[in-house]
Structures are given as C-alpha cells and as structure tokens.
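Atoms considered below: every heavy atom in the structure, side chains included; atoms not considered: hydrogens, waters and symmetry mates. Here is the naming used below: chain letters follow the sequence lines, and residue numbers restart at 1 for every chain.
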Amino acid sequence: MTLNIIKIIQNIPKGKVLTYGRIAKLAGNPRAARQVAWTLNSSTEKYALPWHRVINSQGLIALNSEEGRNQQKFLLMKEGIEFVGEFEIDLSKYLWKINSIEEIGNE
DNA sequence: AACCTGACTTCGG
DNA sequence: TCCGAAGCCAGGT
C-alpha cells in the first residue's frame, strides 16, 4: 500500500503533477489521500521522491509554510509548468494521465 | 498503550 | 452549493 504510493510518486514524469486523491486511488484506497500526504513527509528523503509534483485536487499547492510553497512553485516552474494563480496550476494541462498502477509495472 | 495529528478527499445532510 | 464528519495509517506525545 504505502509502497504503491511511493512507487507512483517516483514515476511521475517531469513537468507533470498528480493530486493526492489520484495517487490514493491508484494505490488502492480512494480515501487514503491523507496517507499520501503523510507518506510524503516520512519518505521523501529515503526514496528521493519528487514531492513537488504532488498537489491537491484543486490544482493548488497544499503546503502550510510559505517557504515551502515558494520552494515547490520554484521547482515546478523550473520544469516548465506555468501558474495561473499565485499557487495554482491548470490541472487539465499538467495532470499526469495514468489510469492504473499497472501502467507503471513495466519499470 | 491510547489518543492526536496531518502536504487531503469524499460523502451525507 | 456549502459545511461538518468520516476515512486512511504511521509517528509523535
């Protein structure tokens, strides 16, 4: 479960993003969005996860601290993602299109 | 060891 | 539509 979450995040392509809900759904539990957030906190360093490619369902950066938000925005812009608001991006453009975790299996 | 908390979402009223 | 409550689960208190 947790490993699925990590696996998914690790495979998000550069320049694309995924929402907590999507990840949770792909990992098996549509309601485990919170766990996704928690996993990012605890495993980002261990697995070198591209944490900045994970945002909330509204296309907004979900961090609490302002420094964190700026950091994430900076990293995303560096990958070519444009912001439509201060901390908002167009999901229809940048959301990673993946239907199931099976699509990652060929790793 | 029980209880609280969190980078969230979804569901029911 | 909008708001409160539940669901998920591991680490910290």
Within this structure, what is the CD-to-P distance between A:Q35 and B:dT10, rounded to whole angstrom? 15 Å
Would you indicate what A:A62 reaches in the nucleic acid, counting non-hydrogen atoms under 4.0 angstrom: base, sugar-phosphate, or nothing? sugar-phosphate
Rounded to the nearest Å, what distance is computed from the OH atom of residue A:Y20 to the C1' atom of nucleotide B:dT9? 12 Å
Using side-chain contact (heavy atoms from CB on, under 4.5 Å) as the criterion, point out the one residue from A:I9, A:I12, A:I5, A:I8 that pairs with A:L49. A:I9
Using a cut-off of strictly less than 4.0 Å, decide whether A:R31 has a side-chain nitrogen or oxygen near OP1 or OP2 of B:dC11. yes
Shortest side-chain distance from A:W38, nucleotide among C:dA10, B:dC8, B:dA7: C:dA10
With rounding to whole Å, what would you report as the distance between B:dT5 and C:dA5 at their P atoms? 15 Å
Side chains of A:Q71 and A:H52: do they bring a donor and an acceptor to under 3.5 Å? no
Determine the contact category for A:I61: base if any of its heavy atoms lies under 4.0 Å from a base atom, sugar-phosphate if only primed atoms, P, OP1 or OP2 are that close, otherwise nothing. nothing
Could you give the CG-to-C1' distance, from A:L91 to B:dT9, as a whole number of Å? 14 Å
For A:N29, answer base if it contacts any base atom (sugar-phosphate contacts may also be present), sugar-phosphate if it contacts only those atoms, and nothing otherwise; contact means non-hydrogen atoms under 4.0 Å. sugar-phosphate
Figure out the CD1/C1' separation between A:I55 and B:dT9, and round it to whole Å. 14 Å
Spacing between A:I89 atom CD1 and B:dA7 atom P, to the nearest angstrom: 19 Å
With the side chain of A:T19 defined as its heavy atoms from C-beta on, choose the nearest nucleotide among B:dT9, B:dA7, C:dC9. B:dT9
Spacing of A:K25 atom NZ relative to B:dT9 atom P, expressed in whole Å: 13 Å
When A:A32 and A:S42 are each assigned the nearest nucleotide of DNA chain C, the 5'-most assignment goes to A:A32
Separation of B:dA7 P from A:Q71 CD (nearest whole Å): 17 Å
Is the phosphate of B:dT9, meaning OP1 or OP2, less than 4.0 Å from a side-chain N or O of A:S57? yes
Salt bridge check: are A:R69 and A:E86 linked by an N-O gap of less than 4.0 Å? no
For a quick test of reading the model, state the closest non-hydrogen atom pair linking A:G15 to A:R53 and the distance between them. N-NE, 4.4 Å
Between A:N64 and B:dA7, is there a contact of a side-chain N or O with OP1 or OP2 at under 4.0 Å? yes
Roughly how far apart, to the nearest Å, are B:dC3 and C:dA6 at atom P? 16 Å
